[in-house]
Amino acid sequence: MTKNTADETKKTYTNQTYTKQGAAGSTAREGARVMGTVLVTSGTGKTGRRVAERLAALGVPVRAGSRAGARAGGVPFDWQDESGWAAALDGTEAAYVAYYPDLAVPGAAGAMAAFGRVAAASGLRRVVLLSGRGEPQAAVAEEALRGACGEVELTVVRSAFFAQNFSEGALLDSVLGGELVFPAGSAAEPFLDIDDLADVVVAALTGDGHAGAVYELTGPRSLTFEEAAEELGRAAGRPVRYVPVSGPAYAEVLEGFGVSGPEAGFLAELFATLLDGHNSATTDDVKRMLGREAKDFTAFTREAARDGAWHG
């Protein structure tokens with residue numbers, strides 16, 4: 001998807017996704033015909049980019065917010081600078097909110113409350129919020145937004161661990177290096193393909209009946225990181241070995257890659273907390289929203305390999 005032209009994106013999305021979604025897809029198509037401008041925060045990120053592409057393919061006006069602003073073809077939007085939020089929201093009807101770096105970080109709840117107030121004052125009608133599955137502090141941030149946004153329709157999408165973290169995220173270098181060092185122990189995780197997440201977000205933004213809903217999105221089966229490493233190796237054509245480590249040890253690894261000490265410590269603690277087994281169960285919320293099964297991890301690895309994710 002990231003390598004397609006705009007026309008190819010529209011053709012691919014229309015032919016391969018919405019034509020197979022049944023009622024949920026029909027609702028999104030109908031809603032998109034009358035949809036006003038949508039602000040996509042973190043519009044150049046992994047999820048925001050995909051959501052923006054899909055909305056544009058449906059003919060929905062998109063305003064991609066990022067710190068780069070016009071240089072990235074969008075508008076200025078920085079989670080650390082509230083002064084620009086009102087301008088980014090001016091004239092929009094809905095927003096996809098993806099907080100960087102994570103809703104569980106200190107200060108996220110305050111940012112969500114502030115955004116909710118600005119959104120309500122701007123006349124925004126609908127917000128879809130990306131959250132983390134099984135993250136207590138993220139749930140606090142969700143409530144802060146819910147309490148501040150007044151009459152704005154809020155839908156929360158809680159995601160499992162992204163499959164694309166192995167192909168275009170923090171773990172790409174580990175896969176390329178053949179050692180997947182991570183503090184996940186032997187816990188299983190139902191890895192979610194971000195393309196499924198983006199499809200659900202678009203359905204919630206453009207369709208009706210999602211106000212107040214909380215969706216927990218997972219892949220169709222759970223794998224341990226050892227099993228995931230084996231599948232990644234098969235698809236990449238090179239051995240990939242899972243190396244379980246403690247949270248503090250992983251923080252040291254991150255610092256070795258240039259991550260600051262506080263951020264490394266936070267990320268290591270977050271991963272260790274999330275990947276302790278409490279998120280291992282799967283849900284059928286992707287199927288409920290889209291009328292089809294979530295993408296399996298094996299399919300993700302094959303597609304990523306085909307697209308050259310691990311040619312480095």
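The analysis underlying the following values was restricted to heavy atoms, covering all of them including side chains, and did not include hydrogens, waters or symmetry mates. As the structure is a computational prediction, the values presented were derived from the model and not from experiment.
Qualifying side chain to side chain contact (heavy atoms under 4.5 Å, CB included) partners for Glu226, counting only residues two or more places apart in sequence or in other chains: Thr224, Glu230, Tyr242. Residues satisfying the side chain to side chain contact (heavy atoms under 4.5 Å, CB included) test with Val75, not counting sequence neighbours, are Leu39, Arg63, Ala88. By the side-chain hydrogen bond (donor to acceptor under 3.5 Å, both in side chains) test, Asp285 pairs with Arg288, sequence neighbours left out. Ser174 is linked by a side-chain hydrogen bond (donor to acceptor under 3.5 Å, both in side chains) to nothing, counting only residues two or more places apart in sequence or in another chain. Judged as a side-chain hydrogen bond (donor to acceptor under 3.5 Å, both in side chains), and not counting sequence neighbours, the contacts of Gln164 are Asp193. With sequence neighbours left out, Glu135 forms a side chain to side chain contact (heavy atoms under 4.5 Å, CB included) with Asp102, Ala104, Ala138, Leu270, Leu274. With sequence neighbours left out, the side-chain hydrogen bond (donor to acceptor under 3.5 Å, both in side chains) criterion links Asp276 to His278. Judged as a side chain to side chain contact (heavy atoms under 4.5 Å, CB included), and not counting sequence neighbours, the contacts of Ala249 are Val245, Ser246.
Applying the ring-ring contact (aromatic ring centres under 6.0 Å, His included) test to residues at least two apart or on different chains, the pairs with a partner in residues 184-209 are Phe161-Phe191, Phe166-Phe191, Phe191-Phe225, Phe191-Phe297. Contacts classified as side chain to side chain donor-acceptor pair (under 3.5 Å) and involving residues 144-156 (residues at least two apart or in different chains) are given here: Arg126-Glu153, Glu143-Arg146. For residues 247-265, no pair satisfies side chain to side chain donor-acceptor pair (under 3.5 Å), with sequence neighbours left out. Among pairs with a residue in residues 71-89, those fulfilling side chain to side chain donor-acceptor pair (under 3.5 Å) read Asp81-Ser83, at least two apart in sequence or across chains.
No donor-acceptor pair closer than 3.5 Å links the side chain of Ser167 to the backbone N or O of Ala304.
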